[in-house]
Amino acid sequence: MSRKIAAVLAAVAVAVLLPSPAQAHGQLAFSDPADRSTLTEPRDSVRLVFTEKANPGAYFTVKAPDGTRVDHGWSGGEPKPLPTPVQELTLRDGNWEPQVYNTGFPAVIPVSHWPQTGVYTITYLSVASDGDKVSGEIRFDYQGKLTAAPAGWQPPTNQPDPLLLGQTAQPQQPAATGGAPVAAPAPAEPGSTTWPYWALAGLVAALAVGGVLVHRRRTAR
């Protein structure tokens, strides 16, 4: 096996490790405040806008710079046209086809108070209608005035539904409002196949490394 072939196999292994197009389904279109932006005024809530409705059991948090949670539940806002259309790839009859989304579906997360200035973090975890995991985080710098916690305020301690984490344990009811049992993902579209990308990538990488070793042994003779 030549070095050229080994290099090609290594490149294929890297490509296989990249996220599949299906993972883009139901993605976050934008957030308010935006990632890495600066907020100079306190507000009652933050918004994450997706290309489809968030799963009823989706999990959201908003954390102050010291890690204290200041969120309390979430609700779905009114769908509105996206300022910029979002394109995603959808698997149909074994082929990846582009699909443009023009409508955004908000998830509104109330913020109890603003105890500190600095970087706040919004995290989200959900499941798209086709079963893809939707997760990520938004960080923004708050430089507005500080506000006090409401009377009797206790930071929420609820955790994600086990189904969101890929676990098989019995789903738990969230301790805070705004959460519901995770809805089962829609059946896979005809012709779609779920491949163990990590296993395939490992096999291809092993073949590439093996090819390089064989080549070196032959040239050393």
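Predicted, not measured: the structure shown is a model, and the values here were computed from it.
Two different hydrophobic clusters hold V49 and V134 under the rule that ILVMFWY side chains link at heavy-atom gaps under 4.5 Å. At a threshold of 4.5 Å between side-chain heavy atoms, the hydrophobic network of Ile, Leu, Val, Met, Phe, Trp and Tyr places V62 and Y142 in one connected group. Grouping the Ile, Leu, Val, Met, Phe, Trp and Tyr side chains by contacts below 4.5 angstrom, directly or via other members, places I109 apart from F105.
In terms of heavy-atom proximity, G118 sits nearest to Q143 at N-NE2, 3.9 Å. The minimum heavy-atom distance between T68 and P155, with the atom names listed, is CG2-CG, 4.1 Å. Scanning both residues, P160 and L125, for their nearest heavy atoms gives CB-CD2, 3.9 Å. Nearest heavy atom pair, residue D35 against residue S31, reads N-OG, 3.7 Å. Nearest heavy atoms, P56 versus W74: O-CZ2, 3.7 Å. Closest of all the heavy-atom pairs between P42 and T147 is CB-CG2, 4.2 Å.
For the atom pair CG of L39 and OG1 of T117, the computed distance is 12.0 Å after rounding to the nearest 0.5 Å. To the nearest 0.5 angstrom, R69 atom CZ is 10.5 Å from S112 atom OG. Going from atom OH of Y124 over to atom OG of S135 covers 6.5 Å, rounded to the nearest 0.5 Å. For the atom pair Q159 CD and T61 OG1, the distance stands at 9.5 Å (nearest 0.5 Å). How far CG of N55 is from NZ of K133: 13.0 Å, rounded to the nearest 0.5 Å.
Residue D44 qualifies as open at atom CG: its count of foreign heavy atoms under 6.0 Å is 12 or below. Remark: Q154 CD is loosely packed, at most 12 non-hydrogen atoms of other residues, nucleotides or ligands lying under 6.0 Å away.
K80 has its side chain out of reach of T103: every pair of non-hydrogen atoms, C-beta onward, lies at least 4.5 Å apart. Counting heavy atoms from C-beta on, the side chains of L28 and I138 come closer than 4.5 Å. A 4.5 Å side-chain heavy-atom check between Q99 and T51 finds every atom pair outside the cut-off. Under the 4.5 Å side-chain criterion, counting only non-hydrogen atoms from C-beta, W114 is not in contact with K145. Counting only heavy atoms from C-beta outward, the side chains of I122 and F140 approach each other to under 4.5 Å. Between V86 and F30 the shortest side-chain heavy-atom distance does not fall below 4.5 Å. Using a 4.5 Å heavy-atom cutoff, the side chains of E52 and Y101 are not in contact. The shortest side-chain heavy-atom distance between V70 and Q116 does not fall under the 4.5 Å cut-off.
Residues passing the side-chain contact (heavy atoms from CB on, under 4.5 Å) test with S45 are V108, sequence neighbours excluded. Under the rule for a side-chain contact (heavy atoms from CB on, under 4.5 Å), the partners of N102 that lie at least two apart in sequence or sit in another chain are P85, V100.
When atom types are taken as modelled, the side chain of W153 and the backbone of H113 share no donor-acceptor pair closer than 3.5 angstrom.
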Legend entry - Verdict with supporting geometry, F60 and D71, side-chain contact (heavy atoms from CB on, under 4.5 Å): CA-CA 8 Å; F60 299 95; D71 58 278; over 6 Å; no

